[in-house]
A.B. asks: 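Below are the structure tokens for one structure; questions will follow.
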Number of protein chains: 2
Amino acid sequence: MSDKTTRDHIVEAADHLFYRQGYEHTSFADIADAVQISRGNFYYHFKTKDDILDAVIDLRLTNTKKMLERWESEEKHPADRIKSYVRILLTNWSMIKYFGCPVGTLCTELTKLNHASQEEASKVFTLFRTWLRQQFILLGHRKDADAFAMHVLAWIQGVATLASTFHDEKFARKEVKQMCEWLESTTQTDVPHE
Amino acid sequence: MSDKTTRDHIVEAADHLFYRQGYEHTSFADIADAVQISRGNFYYHFKTKDDILDAVIDLRLTNTKKMLERWESEEKHPADRIKSYVRILLTNWSMIKYFGCPVGTLCTELTKLNHASQEEASKVFTLFRTWLRQQFILLGHRKDADAFAMHVLAWIQGVATLASTFHDEKFARKEVKQMCEWLESTTQTDVPHE
DNA sequence: GACATTGTAGGACGCGTGTCCTACTCTAAC
DNA sequence: GTTAGAGTAGGACACGCGTCCTACAATGTC
């Protein structure tokens with residue numbers, strides 16, 4: 001049914017595990033268990049654990065790009081696109097509730113590990129940032145577009161962190177609603193022509 | 001000059017290291033180096049690494065309480081007290097820039113480790129939350145006080161996360177300014193009588 | 001059938017870890 | 001001077017880790 005290689009399976013399993021357990025706390029044995037593969041066999045696909053991390057980050061970059069493109073095609077109005085992003089908090093609530101934001105938590109961990117790939121990991125943030133900026137530019141906020149993008153990014157990030165600490169869905173819902181209202185208030189312009 | 005016990009020194013060093021390197025990534029050897037103590041000697045003061053973590057959390061709870069009391073005595077107006085909290089982002093910028101928020105990052109890490117002390121760690125958040133709520137109540141926001149408290153908490157948390165990823169001080173300053181303005185806009189009431 | 005290629009299994013290796021033990025030093029009490 | 005207790009040093013221990021090696025199975029090519 002699937003033409004996925006073993007390598008793909010490893011990267012996917014690592015992606016999930018890094019998100020749920022953290023990078024450092026996830027061992028080769030954990031991934032091997034998840035993929036149902038011999039532990040020693042890893043070396044054929046990846047020389048080091050860092051290589052797996054890089055592959056995971058690549059995967060996340062690819063998936064994020066796809067998601068952004070989907071939002072762009074599904075929603076014509078930039079404000080609605082931004083809302084798609086904001087609402088991801090609720091869409092993925094069952095995971096965020098326990099493990100927070102995959103992007104933020106990985107960046108935070110890699111920073112503390114002083115890991116070589118921390119810049120690479122932050123590119124996922126940059127992807128969102130650039131995309132959000134573009135949407136705000138389309139909304140006519142040329143000058144403040146980047147500040148707005150960062151603002152939204154930070155908001156979501158904070159809510160995700162608190163959400164995973166307190167597991168409080170009501171709070172998340174309220175914040176998302178508020179954020180959407182804020183978006184509407186700063187977005188009284190009409191649909192711009194792309 | 002100081003009457004601090006070796007135990008105190010261990011807890012302080014662990015506090016710093018847990019913040020900068022993360023809990024898991026900090027070894028007994030690291031702490032021993034920092035305190036200039038024999039590695040094996042730890043066992044006399046702490047039976048397990050978890051015990052050190054609990055002591056660190058206790059220390060943070062104590063220090064946080066002290067800080068909140070100081071803010072309360074230094075600033076009479078609740079809005080100014082909240083601003084003291086918001087401005088901690090800039091006060092501790094040199095650390096936050098690299099390591100994010102000590103509270104949030106520890107909670108996040110312990111969640112991923114599924115560590116027994118994650119609830120204990122979240123009490124530091126709760127400390128801030130309760131205190132902020134109290135300030136908002138004093139400002140006359142009885143009904144929404146807790147939502148406001150969570151909102152501020154989340155805001156700061158998000159900015160700290162992004163700040164430590166992008167090391168962008170301008171962004172932090174702008175957000176703090178914005179937050180202070182927001183505080184003033186929702187705080188047109190006069191100084192309440194305590 | 002011989003052979004190279006690709007992928008897999010299983011385990012060896014060295015290292016760092018948290019934990020724990022024992023021997024030693026210092027101080028104060030009597 | 002002897003003794004008890006608090007504090008320290010150094011290292012042993014078992015374990016899990018990332019890494020790496022070798023032997024084997026499956027597949028396709030000539």
A.B. asks: I'd like to know whether NZ of A:Lys47 has more than 12 heavy-atom contacts from other residues, nucleotides or ligands below 6.0 angstrom.
C.D. replies: yes
A.B. asks: Can a side-chain donor-acceptor contact be found between A:Thr105 and B:Lys112 if the only test is distance below 3.5 angstrom?
C.D. replies: yes
A.B. asks: Tell me if the centroids of the rings in A:Phe128 and A:Tyr85 come within less than 6.0 Å of each other.
C.D. replies: yes
A.B. asks: Taking the six-membered ring for Trp, are A:His141 and A:Phe148 parallel (under 30°), tilted (30 to 60°) or perpendicular (over 60°)?
C.D. replies: perpendicular
A.B. asks: Once you round it to whole Å, what is the distance between P of C:dG18 and CG of B:Leu113?
C.D. replies: 13 Å
A.B. asks: How many Å lie between CD on B:Gln21 and P on C:dT17, as a whole number?
C.D. replies: 11 Å
A.B. asks: Is there a residue in residues 23-33 of chain B whose heavy atoms reach under 4.0 Å of DNA chain C, and which residues are they?
C.D. replies: B:Thr26, B:Ser27, B:Phe28
A.B. asks: For the residue pair A:Tyr19 and A:Phe99, categorise the inter-ring angle as parallel (less than 30°), tilted (30 to 60°) or perpendicular (more than 60°).
C.D. replies: perpendicular
A.B. asks: For residues 36-53 of chain B, which residues have at least one heavy atom under 4.0 Å from DNA chain D?
C.D. replies: B:Ile37, B:Ser38, B:Arg39, B:Gly40, B:Asn41, B:Tyr44, B:His45
A.B. asks: Can you confirm whether B:Phe136 sits close enough to B:Leu183 that some side-chain heavy atom of one is under 4.5 Å from a side-chain heavy atom of the other?
C.D. replies: yes
A.B. asks: Is A:Lys174 atom NZ crowded by more than 12 heavy atoms from other residues, nucleotides or ligands, each under 6.0 Å away?
C.D. replies: no
A.B. asks: Ignoring hydrogens and geometry beyond distance, is a side-chain donor-acceptor pair present between A:Tyr23 and A:Asp50 at under 3.5 Å?
C.D. replies: yes
A.B. asks: Would you please confirm or rule out a distance under 4.0 Å between OP1 or OP2 of C:dT8 and any side-chain N or O of A:Thr6?
C.D. replies: yes
